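Remember, it's a predicted structure, so these values are computed and weren't measured experimentally. Below, read A as the first sequence line, B as the second, and so on, with proteins coming before strands; counting in each chain starts at 1.
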2 protein chains.
Amino acid sequence: MAGPRTPGQRAGLTRDTVLKTARDVLTERGLDGLTMRHLASRLGVAPNALYSYVANKTALVDDLLDDVLADVETPAPDSADPTGDLSVVMTSTFSVLLGHPDLVPLYLARQGARGPNAQRLGEVMLHLLAAAGLTGTAAHEARRVLIVFTIGFAALATPAPVEPEAAPPLTADDVSGNFRRGLQWLLAGILGGPAVSGS
Amino acid sequence: MAGPRTPGQRAGLTRDTVLKTARDVLTERGLDGLTMRHLASRLGVAPNALYSYVANKTALVDDLLDDVLADVETPAPDSADPTGDLSVVMTSTFSVLLGHPDLVPLYLARQGARGPNAQRLGEVMLHLLAAAGLTGTAAHEARRVLIVFTIGFAALATPAPVEPEAAPPLTADDVSGNFRRGLQWLLAGILGGPAVSGS
DNA sequence: CTTGCTTATTGTACAGCGTTCAGCTAAATT
DNA sequence: AATTTAGCTGAACGCTGTACAATAAGCAAG
């Protein structure tokens with residue numbers, strides 16, 4: 001990985017290795033530790049070499065965000081229990097997000113990912129909501145509620161950036177149970193609830 | 001506000017003017033535009049002059065975050081309708097957050113504010129939940145759910161950072177209605193089975 | 001086998017960031 | 001009036017993301 005090279009010599013980088021190493025750096029050094037320079041040095045390469053594979057740092061992070069969502073399990077297309085499937089999808093999303101705590105705040109800062117994986121997930125959710133009887137605006141609203149709730153909770157479960165000061169325990173398990181209960185409330189409201197009249 | 005000063009001369013800064021100007025800069029130039037250097041030049045002052053009033057940029061932002069929460073209306077202490085009051089508090093928090101979109105992502109990145117205003121709000125919520133019959137762990141969980149939901153929704157209502165690309169309108173009104181419905185679902189779930197009547 | 005084109009990579013550099021240190025001087029204190 | 005305190009400046013450090021021009025490796029064509 002290390003090599004003193006003169007200009008023109010190749011290092012054999014790949015877009016995939018760049019992204020993968022970026023993920024590694026992120027989990028090891030945190031969000032602040034993910035700098036183009038550090039990533040480059042990790043790859044044994046000059047910083048600007050990365051720009052052959054990534055338009056800029058924002059694009060890199062966007063790709064990272066979407067990559068992570070690839071791990072979310074989506075249920076078999078035509079199940080008999082859309083509500084349960086919905087619960088599974090959200091719970092899976094939640095736990096996937098928990099696996100990459102540093103990224104979570106970024107999802108909210110950018111209002112969710114926009115890549116293909118995110119889009120696919122969004123469509124799966126709409127499909128399940130339709131199977132449960134919700135369409136149109138109501139379905140979009142419900143989806144938004146579920147997404148916000150899930151990402152938001154993952155953000156809260158993330159370990160605090162600094163200050164070990166008087167840190168309340170708040171283990172990931174605690175938050176997970178908390179998440180599951182809140183999710184049930186939401187699903188009950190969304191699917192069963194009393195008339196959601198105009199208001 | 002503008003003045004070429006020689007070393008030793010004072011500019012008459014105040015912690016309050018610094019914070020207030022920081023808020024202005026934030027709303028005008030966004031989060032990326034809020035730099036110590038820009039803030040300083042706006043105050044007609046060398047960048048490092050700010051460090052007499054603020055420990056560092058993080059502390060500055062922390063103060064900003066907590067300041068905003070001062071505008072949240074909290075209900076009269078001993079109401080007969082804690083559920084309704086809870087709804088009022090959360091809705092008020094939501095609209096206050098909407099007024100400062102640039103700050104919202106930071107709340108999540110830092111897992112909520114930690115200043116006195118945030119603390120007060122948190123205690124008000126616990127008080128209302130207790131009045132509604134929830135104490136102990138259940139109350140803390142419920143509070144967490146409500147906070148996540150509220151901040152998360154505010155984050156989603158925030159206008160996207162860049163890309164006007166095919167942006168769905170998603171007006172603040174839309175999101176507000178959405179928020180209110182989701183909130184009802186949560187409250188219904190939190191406070192035990194039956195639908196929440198009031199509000 | 002050579003010629004030429006494309007592209008990955010380097011060195012250098014720029015502008016900007018948060019922050020620290022040392023000095024100066026106006027204001028506050030004694 | 002003398003002395004301390006504190007607000008402010010100038011300069012600098014190390015860091016960031018990124019643009020530009022030069023170089024050489026790889027590849028396609030003659």
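Among residue pairs with one or both ends in residues 116-131 of chain B, those qualifying as side-chain hydrogen bond (donor to acceptor under 3.5 Å, both in side chains) are B:D66-B:N117; sequence neighbours excluded.
We find that B:R23 and B:E28 are not joined by a salt bridge, their nearest charged nitrogen and carboxylate oxygen being 4.0 Å or further apart.
Mapping B:Q9 and B:L34 onto DNA chain C via the closest heavy atom, the residue that lands nearer the 5' end is B:L34.
We find the OG-CG distance between A:S95 and A:D71 to be 9.5 Å, quoted to the nearest 0.5 Å. Rounded to the nearest 0.5 angstrom, B:T150 OG1 and B:M90 CE are separated by 3.0 Å.
Put simply, NE2 on B:H38 is 11 Å from P on C:dG18, counting in whole angstrom units. The nearest whole Å value for the distance from the CZ atom in B:R10 to the C1' atom in C:dT25 is 8 Å. Whole-Å rounding puts the A:L43 CG to C:dT10 C1' distance at 15 Å. Following rounding to the nearest Å, B:D32 (CG) and D:dT18 (P) show an atom-to-atom distance of 12 Å. Taking atom CG on B:L50 and atom P on D:dA6, their separation rounds to 19 Å, with Å as the unit. Rounded to an integer number of Å, the gap from A:R15 CZ to C:dA8 P is 13 Å. Regarding B:L31, its CG atom lies at a distance of 14 Å from the C1' atom of C:dC17, rounded to whole Å. Taking atom CZ of residue B:R5 and atom P of nucleotide D:dG7, one finds them 14 Å apart after rounding to whole Å.
The closest donor-acceptor contact from the side chain of A:T17 to the backbone of A:L13 lies at 3.5 Å or more, if one exists at all.
Residue A:T35 is in sugar-phosphate contact alone, with no base atom involved, counting any heavy-atom pair closer than 4.0 Å across all strands shown. Within the nucleic acid shown, A:A49 comes within 4.0 Å of at least one base atom, counting heavy atoms only. If you check every strand for non-hydrogen atoms under 4.0 Å, A:Y53 touches sugar and phosphate atoms only.
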ask   = A:R29 and A:T35: side-chain contact (heavy atoms from CB on, under 4.5 Å), yes or no, with the steps?
value = CA-CA 10 Å; A:R29 323 268 285 218; A:T35 77; over 6 Å; no
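Taking five base pairs at each end of the helix from C:dC1-D:dG30 to C:dT30-D:dA1, the local helix axes there meet at an angle of 10°, rounded to 10°.
Across all their heavy atoms, A:Y51 and A:N56 have their closest contact at CE2-CA, 3.9 Å. Between B:L128 and B:P75, the closest heavy-atom pair is CD1-CG, 4.1 Å.
Within 3.5 Å, a donor on the side chain of B:R37 pairs with an acceptor on the base of C:dG18, or the reverse. Side-chain N/O atoms of B:N48 and base N/O atoms of C:dT20 include a donor-acceptor pair closer than 3.5 Å.
Residues of residues 54-64 of chain B that place a heavy atom closer than 4.0 Å to DNA chain D do not occur.
Within 6.0 Å of CD in A:Q9 there are more than 12 heavy atoms belonging to other residues, nucleotides or ligands.
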